[in-house]
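This report refers to the structure that appears directly beneath it.
Per chain, numbering begins at 1; letters A, B, ... match sequence-line order.
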Amino acid sequence: MATLSDRIFGGSLILLALAIFTYYTLWVVILPFLDPDHFLHSFFLPPVYAITLPLGGIAALFVLVGVFVATVMIKDRAKRKAKAKTK
Amino acid sequence: MVVCTKLVQWLAIAAFFMELWYGLVVGWFPINISPQLYQVLLPMPLYAIMLLGCYSLIAVGYQLMTFSDCPEAADEIKQEIQMAKRDLASKGFKF
Amino acid sequence: MAARLKDEESATGRDNKYSILLPTYEERENLPLVVWLIVKSFEESGHDYEVIVIDDNSPDGTLDVAKQLQNIYGEDKIVLRPRKAKLGLGTAYIHGMKHATGNFIILMDADLSHHPKFISQFIKKQREGNYDVVTGTRYLSGGGVYGWDLYRKLVSRGANFLAQFMLRPGASDLTGSFRLYRKEVLQHLMEVCISKGYVFQMEMIVRAKQHGYTVGEIPITFVDRLYGESKLGGTEIVSYAKGLLQLFATT
Ligand SMILES: [Mg+2]
């Protein structure tokens, strides 16, 4: 049995995934087939954003990962230099 | 066998679907695609990435929920440490 | 192949001998306890065994403790193969294997995070499927980890998911280090594998599969009594990712 906090966090990851899936599926797959004046349209941005926003998100993710790896490598190099000096 | 690494396998699958998608968008195939369907078709690569991401979140979330915390194992080892110490001492072991 | 035939001839497996390799550094507290539990486990199961202690010149006197244990349990059961300096895990296994007289090798941590009671299950599993490798898994039901916080569990699970997704290794726990190997299989894999740390354990399983060796699994519990001593920071995450990508591109 997992601890309570593990189960809550794991469960919220699953709910988050289901929410993203539902929203994006409605936006990208369902909306094009509805009438232009259907009430669902009011909950979503224009279709262009269904492409630009995720692309922006992916780009941001790449930048974040790059920055993370770079900082780790710079720190490691500094540590190794410090070690070499003490030796 | 040497060339067919996991990386190559994944690239092959991705390339196949990208090709298929591109062909449909550009109109290689003799199929009539309604304007609505075409609008659905355009963001499909992103939709696939979204599916992958959601699948990953669900998998990791589920695995986290079922990751056993086994406090019994910790209790058991604590008790056995006491047993071991007593028995070793009786055999003349100096801690 | 010869070893495999011999196994099938002896249904009882009584002519098997199991060598447990214990690389130690600063384990004077834990070594007597883990050895006691190993002896207990083998006395209950009745298999032939030896414990090979490979101490890397610990300043805390781990080797003296090991000598005391040798006096208690005998030189045939407790074998000491110390080294001059702290040389790392991979070379410790190679060094220990050179002196091992068993036809099976068991690798485990000496710090009590791996419980010797599982050894008899490793042996049983090996004989059920005549496996070349049996690996302990924390991720199947019956297994688990004690003493990790949410962050550590999340990173562990995420890292394992990535590896499963990218490599499809056919084993659920790639970074665990509680395993049983057929001796010549371990020798072969040690020659082939080049990584270090977590990635080393992962590479061993992936290469085992690549070379057509069979891998069995049993659930184990991992009790982290020294939580916080082994770090899991940016450095570890990046080196894991690097190792994973290397395996992704080469296997
Ligand atoms: Mg350990």
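We find the NZ-OG1 distance between A:Lys79 and C:Thr235 to be 4.5 Å, quoted to the nearest 0.5 Å.
In A:Tyr49, the OH atom is not crowded: 12 or fewer heavy atoms of neighbouring residues, nucleotides or ligands sit closer than 6.0 Å. In the displayed structure, C:Tyr146 atom OH is contacted under 6.0 Å by at most 12 heavy atoms of other residues, nucleotides or ligands.
Contacts between A:Asp6 and chain C at a heavy-atom distance below 4.5 Å involve backbone atoms as well as side-chain atoms.
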Problem - Full working for side-chain contact (heavy atoms from CB on, under 4.5 Å) between C:Lys153 and A:Thr3 - result: CA-CA 11 Å; C:Lys153 280 179 182 159; A:Thr3 59; 4.2 Å; yes

Exercise for the section: Show your reasoning for whether side-chain contact (heavy atoms from CB on, under 4.5 Å) applies to C:Val238 and A:Asp76. Expected result: CA-CA 11 Å; C:Val238 169; A:Asp76 278 4; over 6 Å; no

